[in-house]
Amino acid sequence: MASISSALTFLSSSTTNSSSFESKYRSRRRMSKVSCNGGDEQNKMISKGNRRDVLIGLGGGLGAAASFTYNPFAALANPVVTDKNSCGLPNLGDMPGAKPIDCCPPNLETTKAIDFVFPTEDEPIRVRKPAHLLTGEDLEKYKEAIRLMRELPPDDPRSFTQQANIHCAYCHDSYVLNGSTAPPQVKVHFNWLFAPFHRWYIYFYERILGSLIKDPTFALPCWNWDHPDGMEIPAIFTDRRSSLYNRKRNANHQPPVLFDLNWNKAFGDTSGDVDGNLSKVYLSIAAVKAPDTFFGKNFKEGGGKFAASGTLEQLHNPGHTWTGDPTDPNGEDMGSFYSSGRDPLFYCHHSNVDRLWTIWKDKFCGEDFSDDDYNKSSFLFYDENKNLVRVTTEQCLDPSKLRYEYMDVPIPWEFAKPKPTTTKDQRLLALCRTEMNPSKLPLPLNSDNKSFTVKRPSKSRSKEEKAKKEEILVFEVALDKSKDVKFDVLLFWKDDHKKASPIIREFAGSFVNVSHAPSSKDLAVQHQIEISDLLDDLEVDDEDNIQEAHLRI
Ligand code: C2O
């Protein structure tokens, strides 16, 4: 596929289980009282031990491939601060057919920003429900609120247009970092700002909607795609007469077509299946232990050489690529970051992403970062009273302080751990097809399957060692960020790669990009996958190397 061959380049791979982060992770203790009773036995064992002692090492260097230019956050050692005087035109470059827009908020320079104040405890808790369960009065209120938002004049910061512009501004380089006059710009994808930024975004959006209908209990629904009943575009969004409707969506993905969480846009329409989707959520949420695997990396590491998104962001990416209109060159609206805020479904999608963050913490003992550069990073939003408010990441870490929560609904993927489909002998018999010599890197990912071998730092570790240090497989890839490229990672897979799906244990994870900036092959991405459990489940922990590691596009 021509568009793929020019869009993805494999740079290197390595596995590691040691680095210098150990003491930092070990010194932190979870303070809040949660049961963390989810997941399988192994997860429980790890959570009793030191779940946070997951160690990261960067890949084995770039060798001949160190020739790309993306380096937006190099040497950044301060929290990201969004400055109101430094908003400019978004970087849409030559995105085909994208209409030029200015997505900075109105009156930004002249408005005085105030520091965020928590809602008072007498404010009702807003309970966010799955969209497929929304009926009656709740549904009518939601439609009415969006209708009123659409009626506000476009220069009102609470208007539908301005709310959509927020995503464009933060995701297409409108804000220059920390008030400087030159790049680097603020970016809220492919790094640890993804989760807190989007939490704040929908927090204000929800409160604006509530204030438009004068209902302080109004709660934004969530697209509950991690439950079989929610695995299609919720019907409330597809009624053409409703304010929730958006024309620019994929016509082939209307209900009752199942959302495919493992969708590869390059292969056209495939149907999602419930089991595959549940396994994918299990692998991306329940099985993940370290904050930077889950949230993505910070700017210092992520930006030195690489941008690195976490499994939460990666899991959510197909929600964009699958929903957007494929007849539009940029997949508008959901399929491109500058336009995705124009679809009301976007906010519902992010409500579910936010919900999975709360589940990861409460049920699977996930932990937020404790780094000040994370906690003090800040963003600007207009609130429901048109005040410009400065918020920080640490202020959003506890939803109860923000007076919202998610309805307690079943989590059908909690135990959806895939099973190996082959015997150990079969897996080990397959070890002779190494096609790729790592010394030949960089290598274009221009066919649909590359297999290779990765040397491991150590093998046959004890249970205690594994509970302390996770083994991580690290890929380094350069990609054209304007393309919706995807690849899957399969380990010890000896069968036809086309047959592999998230329901088999050999499926280690995937990488998905959502189109988000002008065409250029300049985004170097690091993608990491935690593999200690996987190697145990495949009974290959005694092997010196990861054999038959496949990158399948
Ligand atoms: Cu800012 Cu779903 O992305």
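Counting starts at 1 for both ligands and their atoms, following the listed order. For this chain, numbers begin at 1 and follow the sequence in order.
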key: Given Tyr205, Tyr201, Tyr338, Trp223, the one that forms ring-ring contact (aromatic ring centres under 6.0 Å, His included) with Phe346   =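 For Phe346, the ring-ring contact (aromatic ring centres under 6.0 Å, His included) check succeeds only for Tyr201.
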query = Does Asn246 have any side chain to side chain contact (heavy atoms under 4.5 Å, CB included) partners at least two apart in sequence or in another chain, and if so, which?
reply =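 Counting only residues at least two positions away or on another chain, Asn246 forms a side chain to side chain contact (heavy atoms under 4.5 Å, CB included) with Lys248, Arg249, Asp333, Asp343, Pro344.
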inquiry  = The criterion is side chain to side chain contact (heavy atoms under 4.5 Å, CB included); which residues satisfy it with Asn277, sequence neighbours excluded?
reply    =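 For Asn277, the residues satisfying side chain to side chain contact (heavy atoms under 4.5 Å, CB included) (neighbours in sequence not counted) are Met231, Asp260, Leu261.
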ask   = Please state the angle at atom 2 (Cu) of ligand 1 spanned by NE2 of His316 and NE2 of His320: what is it, rounded to 10 degrees?
value =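 Reported to 10°, the angle equals 90°.
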message = Keeping to distances under 2.8 Å, can you name the protein N/O/S atoms close to atom 1 (Cu) of ligand 1?
response =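 Protein N/O/S atoms under 2.8 Å of atom 1 (Cu) of ligand 1: His167 NE2, His189 NE2, His198 NE2.
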query = Any cation-pi pair here, Arg126 with Tyr404, using under 6.0 Å and within 45°?
reply =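 Arg126 over Tyr404 ring: no.
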key: Asp408 atom CG, over 12 foreign heavy atoms within 6.0 Å   =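 At most 12 heavy atoms, drawn from other residues, nucleotides or ligands, come within 6.0 Å of this atom.
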key: Residues Tyr382 and Asp156: side-chain donor-acceptor under 3.5 angstrom   =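 Not at all, the side chains of Tyr382 and Asp156 share no donor-acceptor pair under 3.5 Å.
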query = Looking at residues at least two apart in the chain, or sitting in another chain, which of them share a disulfide (SG to SG under 2.5 Å) with Cys87?
reply =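 Only Cys104 meet the disulfide (SG to SG under 2.5 Å) criterion with Cys87.
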Presence of N, O or S from His349 under 2.8 Å of atom 2 (Cu) of ligand 1 =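 Under 2.8 Å: His349 has no N, O or S contact with atom 2 (Cu) of ligand 1.
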